[in-house]
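Computed from a predicted model, the values in this text were never measured in an experiment. We use all heavy atoms of the structure for the numbers below, so side chains are in, but hydrogens, waters and symmetry mates are not.
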Amino acid sequence: MTTTATAPQATVDTVETVPSFIMDSWWTPDAGAAASATPVRDASTGEVLAKVSTEGLDLAAVVDYGRTTGQKELGQFTFHQRALKLKELAQYLNARREHFYAFSAQTGATKVDSMIDIDGGIGVLFTFGSKGRRELPNSQVVVDGPMEVLSKDGSFAGEHIYTRIPGVAVQINAFNFPVWGMLEKFAPAFLAGVPTIVKPATPTGYVAAAVVKAIVESNILPKGSLQLISGSVRGLLDVLDYRDLVAFTGSASTALSLKSHPNVVQGGVRFTSETDSLNAAILGPDAVEGTPEFDAFVKSVVTEMTAKAGQKCTAIRRAIVPQELVAAVSAAIGKRISERVVLGDPRADGVTMGALASVEQLKDVRAAVQTMLDNGGELAYGTLDSPSVTSADGSTGVVDGGAFMAPVLLNWQDPEAEEVHSLEAFGPVSSVIGYKDLPDAVRLAARGGGSLVASVCTNDPAVARELVTGIAAHHGRVLMLNREDARSSTGHGSPVPHLVHGGPGRAGGGEELGGIRSVMHHMQRTAIQGSPNMLTAVTGVWHAGADRNFTVETEGTHPFRKSLETLRIGDAVRSDLRQVTLEDITAFANSTGDTFYAHTNHEAAEANPFFPGIVAHGYLLLAWGAGLFVEPAPGPVLANYGLENLRFITPVAAGDSIRVTLTAKKITPRETDEYGEVAWDAVLTNQNDEIVATYDVLTLVAK
């Protein structure tokens, strides 16, 4: 029997205020602020869950606490130490996911939706915890690029370094991903050493607050590194300056308002935004009905229409397909929705798509769809009528106060209609539009004015190349989908922390994630100049021309006999000369099978403009170099695990001699192991002190 569920009644006075966490304490406004508080409702039932207000909150004090206490506390840690805290925090939160799912369900999110948000956010912490230790030094300064010699004698040089910005990272997040949106911004800021002030969107901010509560209880983070403001932050930009960064996710109109603030325009506040996005998915002409690509395309469109009830900045809004396939694609999408989508309260068994986040959001989406219908859009599937849904108790009917909307698919007779390329219905809504040829598909995709992501679905490499190169500059990410990766792909709408999330134009022009790139967004690149010794002192990395300590001569100790505790940057060893004979070269050629003519045929080698005749193999010289610098007895050096930056510069002919100079260039202790990594600057020179080869030797050394 069909029934109508009525939302439980509640008043603002009977519910609690979502707290803020500021200056390492929980804060709520005075009782008198209740009258102006904003109610927050369960998306499925309309029940008032909480109220939100920041009346009386001292925003200047919050910012100052981050700049002082937060900066000081985070500044005591290296990149690796911060990365380990991210890993520890990820493990702590991961053990409490089920607790967060209950809060997430109140936003209309299904279990799968909640996993995308919560598990995805925790996954970002894990990723940056790992990448921070693998890709950043165990220090507080990042060197960007090689040293530039600025004087003939090498006494004056320059290079670039990254150091953390001295302010706070204000992170303003959207309602659709209260956990992922928070943690994907927090992780790179924390790794960089910059304190975070997070401001979640009001309709779902209570989910972010629940996660912050767990973070605070974990006692993992240093003081001041994370503050939470639950509610309005009007006036926050008034107290920011060039030291600070604002990372915004939300509407383009709000982003424009924030970017127009004098402290951004004139005061130098760093501002990055991720805003509206009319993402496209393009079906290649080869991907006809019956192909795996056609099926993957239809599945992707339906997934993006229904995951989080279509409330994703990365959802597919425009399915761009060959004109002759518009009807087939539309029918297949409608069929898949009707067979697989069960609309209702996510706490009910069998529900696969929940409500929109709020009744206000529902009104906005319906209004956008109506505008599209009024301007040429035609309903290919779905309706704007209030749908019958499954309630938490298993009954079905129309829910008073619930923000439910069934999926809607539109067709357009005129693919040039302005509304399909300019109006985003931020819900379970997508459009199918036809293209004539590949250049037309590229042009239609670009009509979106810049997007976060596009998909290209084809098994034809030539089609993929033409479409991707045509649309890449209009998008932050492009997914190529075919039969080979359809099952393993993370999907059109799922940003991964390893790759950039953001897009040009309408999408906001900002960048987030992208691995260590996002850490650098929270740091200042500075050109530094000075002597090699001063560059070494600032960076902690030995520079050519800086002082060396030839330890065999000064201490009677080979640097390979030093543990990580006693080894110092600049410790070095210089070998004696070793002569290379023709017999050595021939023996190496025969034993390795490397009989390239430059090592075996004098006339052919002499005819080569690079060689004086037969020359030694580069890898023979490297092997000899190891023999010249190695200290053979067991000791602190545990293993050689590679070479980097190898360059062969001067050929070595039979009769020449070589020597090696090895200098401790960079020392990276591992926080969790009894050894660390040492990069050694290696230079091979000949009997005339000409450089034969340069490279870095990488070793593992016991502490």
Side-chain angles (χ1 to χ4, degrees), residues 78-81 133-134 136-141 143 147 532-580 584 618-647 652 657-687 689 691-703:
T78 65
F79 294 116
H80 286 202
Q81 290 166 339
R133 285 173 290 147
R134 287 188 290 109
L136 289 173
N138 196 3
S139 64
Q140 297 174 333
V141 175
V143 177
M147 180 182 75
N533 277 326
M534 291 300 100
L535 296 180
T536 297
V538 170
T539 63
V541 178
W542 184 83
H543 288 65
D547 293 340
R548 290 188 177 103
N549 175 27
F550 290 100
T551 59
V552 174
E553 290 92 332
T554 60
E555 304 172 20
T557 304
H558 192 289
F560 273 28
R561 303 304 306 164
K562 289 189 168 189
S563 69
L564 218 61
E565 182 181 5
T566 57
L567 185 67
R568 297 291 178 266
I569 295 295
D571 283 352
V573 63
R574 179 170 45 211
S575 75
D576 294 330
L577 286 167
R578 175 171 178 171
Q579 189 176 49
V580 182
D584 294 324
Y619 299 111
L620 167 61
L621 302 179
L622 292 183
W624 277 15
L628 290 170
F629 67 63
V630 75
E631 212 292 329
V637 176
L638 304 174
N640 176 335
Y641 74 99
L643 302 177
E644 289 182 341
N645 307 315
L646 172 63
R647 292 293 183 273
V652 173
S657 298
I658 64 165
R659 66 158 31 105
V660 63
T661 302
L662 194 74
T663 309
K665 178 179 182 179
K666 183 167 64 173
I667 301 173
T668 306
R670 291 194 178 187
E671 294 292 329
T672 56
D673 299 304
E674 290 305 312
Y675 60 89
E677 300 160 4
V678 178
W680 304 82
D681 177 86
V683 180
L684 289 179
T685 51
N686 62 19
Q687 70 278 4
D689 288 330
I691 295 177
V692 170
T694 61
Y695 51 101
D696 291 344
V697 177
L698 309 179
T699 63
L700 301 178
V701 179
K703 290 182 178 178

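Side-chain atoms of Asp689 do not come within 3.5 Å of backbone N or O of Ile691 as any donor-acceptor pair. Looking only at distances, no side-chain donor or acceptor of Glu644 sits under 3.5 Å from a matching main-chain atom of Asp696. Looking at Arg568, its side chain does come within 3.5 Å of a backbone N or O of Glu565 through a donor-acceptor pair. Between the side chain of Lys703 and the main chain of Arg670, a donor-acceptor pair closer than 3.5 Å is present. The closest donor-acceptor contact from the side chain of Arg561 to the backbone of Ala633 lies under 3.5 Å. Side chain of Thr668 to main chain of Asn138: no donor-acceptor pair is present (N/O by atom type, distance under 3.5 Å, no hydrogens or angles). The main-chain N or O of Val141 is found under 3.5 Å from a side-chain atom of Ser139 such that the two form a donor-acceptor pair. With hydrogens and angles disregarded, no donor-acceptor distance shorter than 3.5 Å links the side chain of Arg133 to the backbone of His80.
The two atoms that bring Asp681 and Arg548 nearest to each other are OD2-NH2, 4.4 Å, heavy atoms only. Val692 approaches Thr685 most closely through the heavy-atom pair CG2-C, 3.8 Å. What you find for Asp547 and Asn533 is that their closest heavy atoms are N-OD1, 2.8 Å. Here the shortest heavy-atom pairing between Ser657 and Gln579 reads OG-CA, 3.4 Å. Considering all non-hydrogen atoms of both residues, His558 and Val573 come closest at NE2-CG2, 3.9 Å. Of all heavy-atom pairs between Leu628 and Ile658, the closest is CD1-O, 4.0 Å.
Ile569 contributes atom CD1, which lies 10.5 Å from atom NE2 of His543 (distance to the nearest 0.5 angstrom). A distance of 10.0 Å separates CG in Leu136 from OG1 in Thr78, rounded to the nearest 0.5 Å. Separation of atoms OG1 (Thr539) and CD (Gln140) is listed at 13.5 Å; rounding is to 0.5 Å. Once rounded to the nearest 0.5 Å, the distance linking CH2 of Trp680 with CD1 of Ile667 reads 7.5 Å. Between the OH atom of Tyr675 and the CG atom of Leu638 there is a distance of 8.5 Å, given to the nearest 0.5 Å.
Note on ring orientation: taking the six-membered ring where Trp is involved, the planes of Phe560 and Phe629 are perpendicular (angle over 60°, cut-offs 30° and 60°).
Environment of NZ in Lys666: sparse, with no more than 12 heavy atoms of neighbouring residues, nucleotides or ligands closer than 6.0 Å.
Under 3.5 Å, the side chains of Thr551 and Asp571 contain no donor-acceptor pair of N or O atoms. Looking at Glu555 and Asn549, their side chains do bring a donor and an acceptor atom within 3.5 Å of each other.
A 4.5 Å side-chain heavy-atom check between Leu567 and Pro559 finds at least one atom pair inside the cut-off. Counting heavy atoms from C-beta on, the side chains of Thr566 and Thr557 never come closer than 4.5 Å. Looking at Asn645 and Thr694, their side chains never come closer than 4.5 Å, going by heavy atoms from C-beta outward.
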* Between Val660 and Trp624, is a side chain to side chain contact (heavy atoms under 4.5 Å, CB included) present by the stated rule, with each step listed? -> CA-CA 9 Å; Val660 63; Trp624 277 15; over 6 Å; no
* Asked: What do the steps show when you test Asp673 against Leu700 for side chain to side chain contact (heavy atoms under 4.5 Å, CB included), and what is the final call?
  -> CA-CA 11 Å; Asp673 299 304; Leu700 301 178; over 6 Å; no
* Kindly determine whether Phe550 and Val552 satisfy side chain to side chain contact (heavy atoms under 4.5 Å, CB included), including the steps that lead there. => CA-CA 6 Å; Phe550 290 100; Val552 174; over 6 Å; no
* To do: Show your working on side chain to side chain contact (heavy atoms under 4.5 Å, CB included) between Glu631 and Val637 and close with a plain yes or no.
  => CA-CA 9 Å; Glu631 212 292 329; Val637 176; over 6 Å; no
